[in-house]
Amino acid sequence: MSHRNVRPLLRAGLAAGVAMTMAAQAAPATAAPARVGNVQKAMEELARTPGVVGVVGGAYVDGRPVGTASAGSRLLDGQGGRIPADARFRIWSQTKQMVAVAVLQLVEEGRLGVDDKLGDLLPVVVEKDLVERADEVTVRQMLRHTSGIPDWYAGKPNPDGSEGDDPSFDVFDFTTRYQPLDLVKWSRGRPRTGEPGEKWTYSNTNYTLLGLIIERLTGHDLATELHERLFGPLGMTKSYLMVEPPDGVKGPHGHGYYPDAGGTPRDVDRFNAATPAGPEGWSPPRTTSAPSNGPSPRANCCRRSSSGS
């Protein structure tokens, strides 16, 4: 799920996913220390934006935190108390970067190549005719969003097959356990976005498939692989991959809201983790989200979403 699809959530008042990070460029050793603005003031100004419930943010210089702050509330209409500066939040499709790292680690280990074909690595998509031209699409192309595989996220994709705005699933369904291959199937029959390797077009389907490849090659679910390969070694003790209902953000966090058919904001704190939002992502990316001190329970596969460290 790209940033475009978070906009309706923001307009409705998303607290959990609004995190501002101000990064200062590392300066030469002989240069004067980098100047950092007033983080608290910046958060307070952002919190006054119509539709925003609460925000958390931090300033970093050369990878080191130099200031954190928050403003606004955990819940709509000022309820739930002030959102803490260390609140946790879904990182949505930033999870894709982590999935890509895991894939490239497998390449480095000699367990697959970037030019290996999707059909060879994941025969089920050929057997069930889930991906057109799977025998031509490569790992490299899926990593780069140049595979031409249409997106499954939107109910009505753009005319060129790229991701549209309105999700293809019920945002207020917090219990259905979608399987990754179900998501891939949603994209079948939609127009391809181009020839394999021809051009860049964002598609969540690419990373849903990459997550499945990781699981098939390792014999582990994606949540476990991300923990063992990234979160654990890097000391990201508060990060984990949400994979299925009722997984949600653990620890202090703000709630997100989405407008119903009548335009009334509804709490989607338990956004279905089996869909792309539950935290891009991996995207199943399920796109990510929330903290954890150990391996996540095994899940059927890739869901998208993880949480901040």
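If you read the sequence from its start, that first residue is 1, and numbering goes on from there. This is a predicted model, so every value here is computed, not measured.
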Asker: Please answer whether the main-chain N or O of Thr175 pairs with a side-chain N or O of Asp173 as donor and acceptor at a distance below 3.5 Å.
Answerer: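 Such a contact is found between Asp173 side chain and Thr175 backbone.
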Asker: Ring-plane angle category for His145 and Tyr207, please: parallel below 30°, perpendicular beyond 60°, tilted otherwise.
Answerer: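 Rings of His145 and Tyr207: tilted, as their planes differ by 30° to 60°.
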Asker: Is it the case that the side chain of His253 and the backbone of Arg88 share a donor-acceptor pair, with hydrogens and angles ignored and the cut-off at 3.5 Å?
Answerer: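 Checking the backbone N and O of Arg88 against the side chain of His253, no donor-acceptor pair under 3.5 Å is found.
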Asker: So if I apply the side-chain contact (heavy atoms from CB on, under 4.5 Å) rule between Arg188 and each of Val131, Asp129, Val125, which one comes out positive?
Answerer: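 Looking at Val131, Asp129, Val125, the match for Arg188 under the side-chain contact (heavy atoms from CB on, under 4.5 Å) is Asp129.
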Asker: I'd like to know whether Glu109 forms a salt bridge (Lys or Arg N to Asp or Glu O under 4.0 Å) with Arg229, so could you lay out the CA-CA distance, the side-chain angles of the two residues, the decisive distance to 0.1 Å, and finally the verdict.
Answerer: CA-CA 12 Å; Glu109 295 165 11; Arg229 291 176 176 276; 2.9 Å; yes
Asker: Would you say the side-chain atoms of Asp116 pair up with the backbone N or O of Gly113, donor to acceptor, closer than 3.5 Å?
Answerer: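 Answer holds: yes.
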Asker: Please round to the nearest 0.5 Å and tell me the distance separating atom OG of Ser70 and atom CZ of Arg82.
Answerer: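 The distance works out to 4.5 Å.
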Asker: Given 3.5 Å as the limit, does a donor-acceptor pair link the side chain of Gln40 with the main chain of Ala69, or not?
Answerer: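 Here the side-chain-to-backbone pair does not exist.
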Asker: Rounded to the nearest 0.5 Å, what separates atom NZ in Lys96 from atom CD1 in Ile91?
Answerer: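 With rounding to 0.5 Å, NZ (Lys96) is 10.5 Å from CD1 (Ile91).
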Asker: What residues, two or more places apart in sequence or in another chain, satisfy side-chain contact (heavy atoms from CB on, under 4.5 Å) together with Arg144?
Answerer: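 Applying side-chain contact (heavy atoms from CB on, under 4.5 Å) to Arg144 gives Arg140, Thr146.
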Asker: Find the distance between NE2 (His220) and CG (Leu226) and round it off to the nearest 0.5 Å.
Answerer: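 The CG atom of Leu226 is 13.0 Å from NE2 of His220, to the nearest 0.5 Å.
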Asker: Is any side-chain heavy atom of Leu118 closer than 4.5 Å to one of Val139?
Answerer: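 Val139 does not reach Leu118 side chain to side chain.
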Asker: Please report the interatomic distance CG(Leu222) to CD1(Ile213), rounded to the nearest 0.5 Å.
Answerer: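 Reported value, rounded in 0.5 Å steps: 11.5 Å.
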Asker: Taking NZ, NE, NH1 and NH2 as the nitrogens, is one of them in Arg192 or Glu198 under 4.0 Å from a carboxylate oxygen of the other?
Answerer: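 Judged by the 4.0 Å cut-off on N to carboxylate O distance, Arg192 and Glu198 do not form a salt bridge.
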Asker: If the test is side-chain contact (heavy atoms from CB on, under 4.5 Å), which one of Val55, Val56, Asn38 qualifies with Met43?
Answerer: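 Going through Val55, Val56, Asn38 one by one, the side-chain contact (heavy atoms from CB on, under 4.5 Å) with Met43 is satisfied by Val55 alone.
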Asker: Given Trp186 and Phe169, is the side-chain contact (heavy atoms from CB on, under 4.5 Å) satisfied, shown in steps?
Answerer: CA-CA 10 Å; Trp186 291 352; Phe169 53 91; 4.1 Å; yes
Asker: Between the side chain of Thr208 and the main-chain N/O of Val184, is any donor-acceptor distance below 3.5 Å?
Answerer: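 It does not hold such a pair.
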Asker: Measure from the side-chain N and O atoms of Arg111 to the backbone N and O of Leu217, and report whether any donor-acceptor pair falls under 3.5 Å.
Answerer: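 Here the side-chain-to-backbone pair exists.
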Asker: How far does CG of Leu130 sit from CG of Leu183, to the nearest 0.5 angstrom?
Answerer: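 Spacing of CG (Leu130) from CG (Leu183) equals 11.0 Å.
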Asker: Would you mind telling me which of Thr205, Asn206, Thr201, Thr138 makes a side-chain hydrogen bond (donor to acceptor under 3.5 Å, both in side chains) with Ser147?
Answerer: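 Filter result, single survivor: Asn206.
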Asker: Between Trp152 and Tyr178, is the ring centre distance below 6.0 Å?
Answerer: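 For Trp152 and Tyr178, the ring centres are not under 6.0 Å apart.
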Asker: For a 4.5 angstrom cut-off between non-hydrogen side-chain atoms, does Pro167 reach Tyr258?
Answerer: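 SC-SC contact between Pro167 and Tyr258 confirmed.
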Asker: For the pair Glu136 and Arg133, find out whether any cationic side-chain nitrogen is under 4.0 Å from an anionic carboxylate oxygen.
Answerer: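 A salt bridge is present here (some side-chain N lies under 4.0 Å from a carboxylate O).
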Asker: State, to 0.1 Å, how close Pro265 and Leu76 come at their nearest heavy-atom pair, and which atoms those are.
Answerer: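 Minimum heavy-atom separation between Pro265 and Leu76: CB-CD2, 4.0 Å.
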Asker: Mind checking whether Tyr257 and Leu75 have side chains closer than 4.5 Å, heavy atoms only?
Answerer: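 Sidechains of Leu75 and Tyr257: in contact.
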Asker: Can you list the steps and then say if Val114 with Leu104 is a side-chain contact (heavy atoms from CB on, under 4.5 Å)?
Answerer: CA-CA 8 Å; Val114 292; Leu104 293 176; 4.2 Å; yes
Asker: Could you walk me through whether His255 and Val53 pass side-chain contact (heavy atoms from CB on, under 4.5 Å), step by step?
Answerer: CA-CA 8 Å; His255 284 214; Val53 175; over 6 Å; no
Asker: Are any of the side-chain heavy atoms of Ile214 and Val103 separated by less than 4.5 Å?
Answerer: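 The answer is yes, as the side chains (C-beta and beyond) meet within the 4.5 Å cut-off.
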Asker: Looking at Lys117, I'd like to know if its NZ atom is crowded, meaning that more than 12 non-hydrogen atoms belonging to other residues, nucleotides or ligands lie closer than 6.0 Å.
Answerer: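 Yes, because the 6.0 Å sphere around NZ of Lys117 holds more than 12 heavy atoms from other groups.
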Asker: Taking Ser187 for its side chain and Asp151 for its backbone only, find out whether a donor-acceptor pair lies under 3.5 Å.
Answerer: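 No, Ser187 side chain to Asp151 backbone: no donor-acceptor pair under 3.5 Å.
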Asker: Could you tell me the separation between the CD atom of Glu225 and the OG1 atom of Thr218, rounded to the nearest 0.5 Å?
Answerer: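 Rounded to the nearest 0.5 Å, the CD-OG1 separation comes to 3.5 Å.
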Asker: Tell me, yes or no, whether the heavy-atom count around Glu108 atom CD, taken from other residues, nucleotides or ligands under 6.0 Å, exceeds 12.
Answerer: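 Open: at most 12 neighbouring heavy atoms sit under 6.0 Å from CD of Glu108.
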